[in-house]
Structures are given as C-alpha cells and as structure tokens.
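In what follows, chains carry the letters A, B, and so on, assigned in the order in which the sequence lines appear, proteins first and then strands, with residues in each chain numbered from 1. Nothing here was measured: the structure is a model prediction, and the numbers come from that model. Quick note: numbers below take in every heavy atom, side chains included, and nothing from hydrogens, waters or symmetry partners.
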There are 2 protein chains.
Amino acid sequence: MSNQREAIANLVVFLPMFMGTLLEGKRINTKLRLNYSEKRTLMYIYNHGGRTMTEYSKRVGLARGSFTTVADSLEDKGLVGRVPGADDRRKCMLVLTEAGKEAAREIDSRFKKHIAARLNCLTEEELEDLKNALVTIETTREKLRDRGN
Amino acid sequence: MSNQREAIANLVVFLPMFMGTLLEGKRINTKLRLNYSEKRTLMYIYNHGGRTMTEYSKRVGLARGSFTTVADSLEDKGLVGRVPGADDRRKCMLVLTEAGKEAAREIDSRFKKHIAARLNCLTEEELEDLKNALVTIETTREKLRDRGN
DNA sequence: ATCTAAATGTTAGAATTCTAATTATGTCTA
DNA sequence: TAGACATAATTAGAATTCTAACATTTAGAT
C-alpha cells in the first residue's frame, strides 16, 4: 500500500537525529587528531581490509574526491598504506599499518563503551527491540543494494 | 546483557549507509538552489513552525553557527523570516513565507515520491517490517532524549 | 588493431560545516 | 541594585566535503 511507503518516508527523516542522540556527549579522541571520517575509514578497513579507494569512499559515505583527502591524511599519519592494484593498475588498495591497527582497536573499544553508556537508561526488552530494528534495517539495506533498481 | 549493547554498537554504524542507499539516485532539485540543510530546515519548519534558531539547529543536526548561515540563505531567498522573540529578546523564531510554504510542499512531495520509488523492490511484508523497525528507532530516540542520561 | 566509452584516482576551487570568540540579553544571588 | 554566570544568536577563520574537470588505464565493439 502507498500508505506504508509514505509512513516510511516520514520516519526515515528521524534517523540522522537518532544518530545524533546516540553519539552526543563526549568525543572519542585519541592522541592522534582524527576526524570522524578518518575514524570511520580506519574502522572499516580494520573490518574489511584490502579494498579499493572507491569502495571505501562509498562505505564511509564520501565523494571519491573527498576520500582522497582522508586517505592522504591517514597515510601522512602513518596509519594506512596505498598498495597499487595487481590486476588493474587504475586501482589502489588501502591497508592498515601496525599503528593503524592499534588505533582502530582503540577507537572501536571507546566507541562501544560510549554507546553502551548511552544505552544505560534502556531496559533489556527495549535493547532487544532496538537491536532487532537495527537488524531489520541492515537487512533491508542489503536487499535494496542487491535488487538494484 | 553487555552482548546486546555491543551488537547495537556494531549495527548503528550501518545507519548512515542505509540513508545513503535510500537517498541515492536523482536529486530533488527545485528551481531554487537549495542544499540538503536548507531543505531539511524548510521541511522541519513546515511541520513544526515558530521555534527558535537553536531548536531548529538541533533538529537539522547543525552547529548553531552553521545554522545561522542556513537561515541567512533561506531568508535571502525569501523563504523564511526572522521574528524576534516577544518574551525573550535573545531568541529569534523562524517562520515560513508563502513562497517558503510552497517550496516545502514541493520538496515534501518529491521526497516521498523518491522514497516510494526506491522501495519498489520490497514486498508488502518487507515494507511492514521496515516501517516497524523505524517506529522502534524513533521511539527509542524519544526515550533516550527524555530519560536524559 | 583501433576507436569509443567507462572506470579509477587525483586535483582545484567552491560550498558547507565546525570551533571558538563576541555581543546582547536574561537569571540568579548577595 | 550590582555582580556573576548562563543562554541565544552571530561572526570569523579553519577544517571538511562537494562538484567538476583531468590523466591514466581498462573494457567492449567494430
């Protein structure tokens, strides 16, 4: 029914606010001065290593041009390295250095602690509901991506 | 259980990607050259009129300083007006002009059409699940906000 | 083999957003 | 009332991100 879709459109608008509410409060600052995109990039490479610039830019949600800046900065800080593609010389993989892996682990740990603290005021049942909702959204994202359009 | 919270922290990361997947594709461009923040602001004022700059800046997800720029731009384009607060002269309300209301209606309509089209590949059951998930998230956001921290 | 079109990463300049300081107003306490 | 402090909006300059154009490389068609 079209009603369903309109309701979804109205609800989607709140997702950025939800993110804001969840992240608000203390910043996750390491000694390195990493901005939000740099942290997201480190985390994503940590979990899905050895992909291309374009791939990572999509995942982090940046335009390719912007992502070049982020990769440059991370490389300058000694956290990632560029590896030229073997099969396709246009491509360029990003890999974490040892320092990069350590930074990623620390960011991950702090992020989880922060989220856990923010969720303190929810009951077990509410946590369960929230988790299921997030799973549904992630599943939907995959469907939208795979079924193309 | 702490497991639940860690799972949530891992899932939350996908929300921006979901937004990206949903919004990707054609831009919603009116004759006016409005950026994303300007559109969000118009929509929010349209649905919740007569609030203050700070209130809107939070809703739109911008720093107060950044929001001043957005309000200036919308005012220059004749879409909103600033109304000095009656009780508190520090405050400043934003209201839509007639042109602003018309622009908001058009943006709303195009946004809904765009979302509906993107959701075309989902079944009715999947739509229902997605809607329920979004409702749960919005409910959770309100709880987090109200129960403070 | 050659031509055309597409994909990858980069660059440059503009647009957007952030942080911190500033001004003006309001609130609270002594 | 005076003083100290908090809040609302703005400003200025830096940081981040975007868009469009570019060079290089690859893929596909003829």
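Taking atom NZ of residue K39(A) and atom P of nucleotide dT16(D), one finds them 11 Å apart after rounding to whole Å. Atom pair L34(B):CG and dT16(C):C1' shows a separation of 14 Å (rounding to whole Å applied). Atom NZ of K58(B) is separated from atom P of dT7(D) by 10 Å (rounded to the nearest Å).
The minimum heavy-atom distance linking Y56(B) with R51(B) is given by the pair OH-N, 2.8 Å. Closest of all the heavy-atom pairs between F67(A) and S57(A) is CB-CB, 3.5 Å.
Checking the phosphate oxygens (OP1, OP2) of dA14(C), no side-chain nitrogen or oxygen of R33(B) falls inside 4.0 Å. Between dT17(D) and S66(A), no contact under 4.0 Å exists linking OP1 or OP2 to a side-chain N or O. Within the 4.0 Å cut-off from OP1 or OP2 of dA8(D), not a single side-chain nitrogen or oxygen of R51(B) is found. For dT17(D), the OP1/OP2 oxygens have a side-chain nitrogen or oxygen of S37(A) closer than 4.0 Å.
The side chain of M53(A) lies closest to dT10(C), out of dT17(C), dC18(D), dT10(C). Each of dG9(C), dT17(C), dT10(C) was ranked by its minimum atom distance to the side chain of V70(B); first place goes to dT17(C).
Residue V80(B) forms a side chain to side chain contact (heavy atoms under 4.5 Å, CB included) with just one option from V95(B), T97(B), I45(B), and that option is I45(B). With respect to K131(B), the side chain to side chain contact (heavy atoms under 4.5 Å, CB included) criterion is satisfied by exactly one of T136(A), N10(A), I8(A): I8(A).
Using a 4.0 Å heavy-atom cutoff across all strands shown, T54(A) reaches sugar-phosphate atoms only and no base atom.
Nearest-nucleotide positions on DNA chain D for L62(A) and T68(B) put T68(B) closer to the 5' end.
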Between the protein and nucleotides 26-28 of chain D, list every N/O to N/O distance that falls short of 3.5 Å.
| from | atom 1 | to | atom 2 | distance (Å) |
| --- | --- | --- | --- | --- |
| dT26(D) | OP1 | R89(A) | N | 3.0 |

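Comment: K77(B) engages E38(B) in a salt bridge, judged by a side-chain N to carboxylate O separation of less than 4.0 angstrom. Under the 4.0 Å criterion applied to side-chain N and carboxylate O atoms, K39(B) and D108(B) are not assigned as salt-bridge partners. Comment: E102(A) does not engage R105(A) in a salt bridge, judged by the lack of any side-chain N to carboxylate O separation of less than 4.0 angstrom.
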